[in-house]
Amino acid sequence: MRVQLPLINTVHGRSALTCRFRCGDACFHPAPNTSSNPYVGDVIATALSRRSMMRAAAVVTVAAAAGTAGTVVTAPSAEAAAQQARPKPTGKAARGLRFTPVAPNTADTVTIPAGYSQNVVVRWGEPILRGAPAFDPDRQTAAAQAGQFGYNNDFLALLPVPGERGRQILVANHEYTDEVLMFRGYDAADPTREQVEIAWAAHGLSAVVVEENKRNGALTVVPRHHLNRRVTATTAFRLTGPAAGSDLLRTSADPTGRKALGTLNNCSGGTTPWGTTLHGEENFNQYFANAGRATDKRYGIGTGASERKWERFDKRFDVAQEPNEVHRFGYVVELDPYDPSSAPRKHTALGRFKHEGATVRLTHDGRPVVYSGDDERFDYFYKFVGGKRMKHGSSRAVREHNLSLLDEGTLYVARLTGDSPALEIDGTGKLPADGEFDGGGEWIPLVTATAKGAVSHVEGMTADEVCVFTRLAGDKVGATKMDRPEDIEPNPHSGKVYVALTNNTNRGVGTNAPADEANPRNANKHGHILELTERWNRADSTTFAWTLFLVAGDPEDPATYFAGFPKDAVSPISCPDNVAFDPHGNLWISTDGNQLGSHDGLFGVATKGERRGELKQFLTVPTGAETCGPLVQDRRVLVAVQHPGEISGATVEKPASTWPDGPGKIVRPAVVAVWRKDGDDIGV
């Protein structure tokens, strides 16, 4: 029996407070993409009618490789699908998912399965650098925050510490700040300089060494370790790649166009095979004021004052005074966690848009391939194929070579195709006559960079312009509009690529693009996940097959789909966001903005075998929080509990959550580790 839970003061799946501080009320403004490009919803909806959802096995079929560009991989007929519907498997769940699912709930805590334990690894404000003071919410300073763990942790990575057994470097993104939950008596109309400078220091990245407790799975911070580091909104960065030095990136403070200051709104990211971390600058638009150009509008940059009023204290956030400063944000950032003195890099070759993250795999000959989604309604997803091979070793020369790998290569944007007549797609989910609901796709080249220079593949745009105005380049080449593409992860076991599409309540509404074959529902409030199979399973292929792997929502809703697995044996899920893989090849999904009435959580789902599509909830997060991270190791799961207590009307004085330290304490974003009490592997 499923309990109907009350919705918690939300707008499009998020609290109004979240909309203000994370993305600048993006959902309340017209979608920036006004191009006439086909909508990805047109590419999936045919397959995901209420009828087709009842015929589960039809979605499972996908070829191991696509044909030439535009070739569509077909599915069985509706009759064949009905005959092939899978019975409920017997026996154990997939290895790695053998735990008792957590029930949907609204508890103000991190709820985990029976037989598991947890600890808070690190909280906002904990000192990590030498000389940083203990956290005091009533005596915050910018100098203190610059040495303390930042706010609103999102992406997480763990890397080994050479020569120090049992220790790892935890790298975390700090996406944005909730000033009303940080400062007593905060006045949004008149913030103080000290509050603004604290917020600058609370953004960015943290690198902190953590140590495993030998008696259990707990992780604790090693303060003042020489590898610990904070990167903030005022840290010096290097701009690299084709656009570095361009007139589009030059400012009064940096006439070279090669030295940026700070990083903002780092959402998800990735870990590279050469031992660095990647971080996606997402909703950077909200920090800038007084814009007016068409290019600014395409990126959602406002014409008036910003929410945080930073432009009052630094002219670089005022587009009217510094028109190119905004062009220096929206990139993939690379951090070398083994060299705390090194300048992080912003890779212009990977394009400028609202990067949800950046995940990496290597081609057959050792070149990097980076996948990234543009987290906006009706925008696109991309991949970058490097031109140079990774080198192995730890010498300075090898590390410098590998740090340049993302400066040369080709950036592509995805175009998905289907084979159903447009008249058969009416937005209701009615199955088209041919019963097909998967398709093919191609990667369209935008720009190629080499050591000798860069070449644009987009008519009417220079290479610099493609790198800085990547959204416009995607518009020009006819990329497929998607429902907020977020995290994109290749499965290290199968090579298949999974694209999390969080939601799009504007799809098919008014004059907005209607449903198409790659998005199953109009007014899509629950989201879905695409599974891509690149031709010959090669990372550098320019064509792929796609199918729907999961259509989120209440399993009792006929419009949901779980890769053909019986829907009475799965957990309800809404708004998939960040994804990761465990050592067994299962996909783990964190959610953001659950529209089913319960708190957000972390889910595991099998991607192969007879249990394919079996989805189980592993944990839930506290009131107002989003599940981020996630990181699944053999014996430990880490999640970043972001913006707990972020409910409309909440303040320091009137908190909506008391997590993690209980009543009377300020609510604090934090990282949590979960492990089995018996010390065995997760889910076995």
Side-chain angles (χ1 to χ4, degrees), residues 1-2 47-48 50-64 75-104 112-116 437-438 491-496 498 520 526 528-531 533 547-574 576 579-589 591 596 601-619 632 634 637 676 680-684:
M1 177 179 177
R2 294 189 177 89
L48 298 176
R50 293 181 182 271
R51 280 172 44 195
S52 67
M53 291 304 96
M54 300 296 288
R55 295 166 176 144
V59 175
V60 178
T61 302
V62 61
S77 66
E79 291 73 21
Q83 294 174 1
Q84 295 171 9
R86 283 190 283 158
K88 186 185 299 183
T90 59
K92 295 182 178 180
R95 188 170 178 82
L97 300 179
R98 295 170 187 168
F99 53 83
T100 302
V102 167
I112 59 177
Y116 285 76
F437 45 84
D438 52 5
N491 188 327
H493 289 251
S494 68
K496 294 180 184 292
Y498 293 79
H526 294 301
H528 53 283
I529 292 179
L530 285 173
E531 182 183 70
T533 305
T547 188
L548 266 180
F549 175 69
L550 184 151
V551 182
D554 189 333
E556 293 183 357
D557 183 346
T560 58
Y561 178 75
F562 297 83
F565 196 83
K567 296 199 296 178
D568 61 351
V570 299
S571 298
I573 184 173
S574 178
V579 294
F581 288 94
D582 66 18
H584 310 284
N586 301 308
L587 180 69
W588 289 66
I589 308 164
T591 65
L596 295 174
L602 179 65
F603 303 75
V605 59
T607 61
K608 61 184 179 181
E610 68 169 2
R611 315 296 298 210
R612 174 178 160 90
E614 182 179 23
L615 181 136
K616 303 173 71 175
Q617 184 157 14
F618 183 76
L619 60 76
V632 186
D634 287 317
V637 172
R676 278 179 57 157
D680 209 340
D681 287 358
I682 298 294
V684 299

If you take all heavy atoms of [X] and [Y], which pair is closest and at what distance?
{"X": "Pro576", "Y": "Ala552", "value": "CD-CB, 4.2 Å"}
{"X": "Asp554", "Y": "Pro572", "value": "CA-CB, 4.4 Å"}
{"X": "Asp634", "Y": "Pro583", "value": "OD1-CG, 3.1 Å"}

Apply side chain to side chain contact (heavy atoms under 4.5 Å, CB included) to the pair Leu97 and His584, showing each step before the final yes or no.
CA-CA 9 Å; Leu97 300 179; His584 310 284; over 6 Å; no
Check the pair Leu615 / Ile573 against side chain to side chain contact (heavy atoms under 4.5 Å, CB included), numbers first and verdict last.
CA-CA 9 Å; Leu615 181 136; Ile573 184 173; 4.0 Å; yes
Can you label the angle between the Phe99 ring and the Tyr116 ring as parallel, tilted or perpendicular, going by 30° and 60°?
perpendicular
Side chains of [X] and [Y], heavy atoms from C-beta outward: is any pair under 4.5 Å?
{"X": "Leu550", "Y": "Leu587", "answer": "no"}
{"X": "Val605", "Y": "Ile529", "answer": "no"}
{"X": "Phe565", "Y": "Arg611", "answer": "yes"}
{"X": "Thr607", "Y": "Asn491", "answer": "yes"}

Ala580: partners by side-chain contact (heavy atoms from CB on, under 4.5 Å), with sequence neighbours left out
Pro630
To the nearest 0.5 Å, how far apart are [atom1] in [X] and [atom2] in [Y]?
{"X": "Leu602", "Y": "Phe618", "atom1": "CG", "atom2": "CZ", "value": "7.0 Å"}
{"X": "Arg676", "Y": "Ile112", "atom1": "CZ", "atom2": "CD1", "value": "12.5 Å"}
{"X": "Lys496", "Y": "Glu531", "atom1": "NZ", "atom2": "CD", "value": "5.0 Å"}
{"X": "Asp681", "Y": "Arg95", "atom1": "CG", "atom2": "CZ", "value": "7.0 Å"}

Do Thr560 and Lys567 pair up side chain to side chain, a donor and an acceptor below 3.5 Å, judged on atom types alone?
yes
Under a 3.5 Å threshold, yes or no: a donor from one side chain and an acceptor from the other, between Ser571 and Lys616?
no
Go through the structure and list residues passing ring pair (Phe, Tyr, Trp, His ring centres under 6.0 Å) with Tyr498, not counting sequence neighbours.
Phe549, Phe581
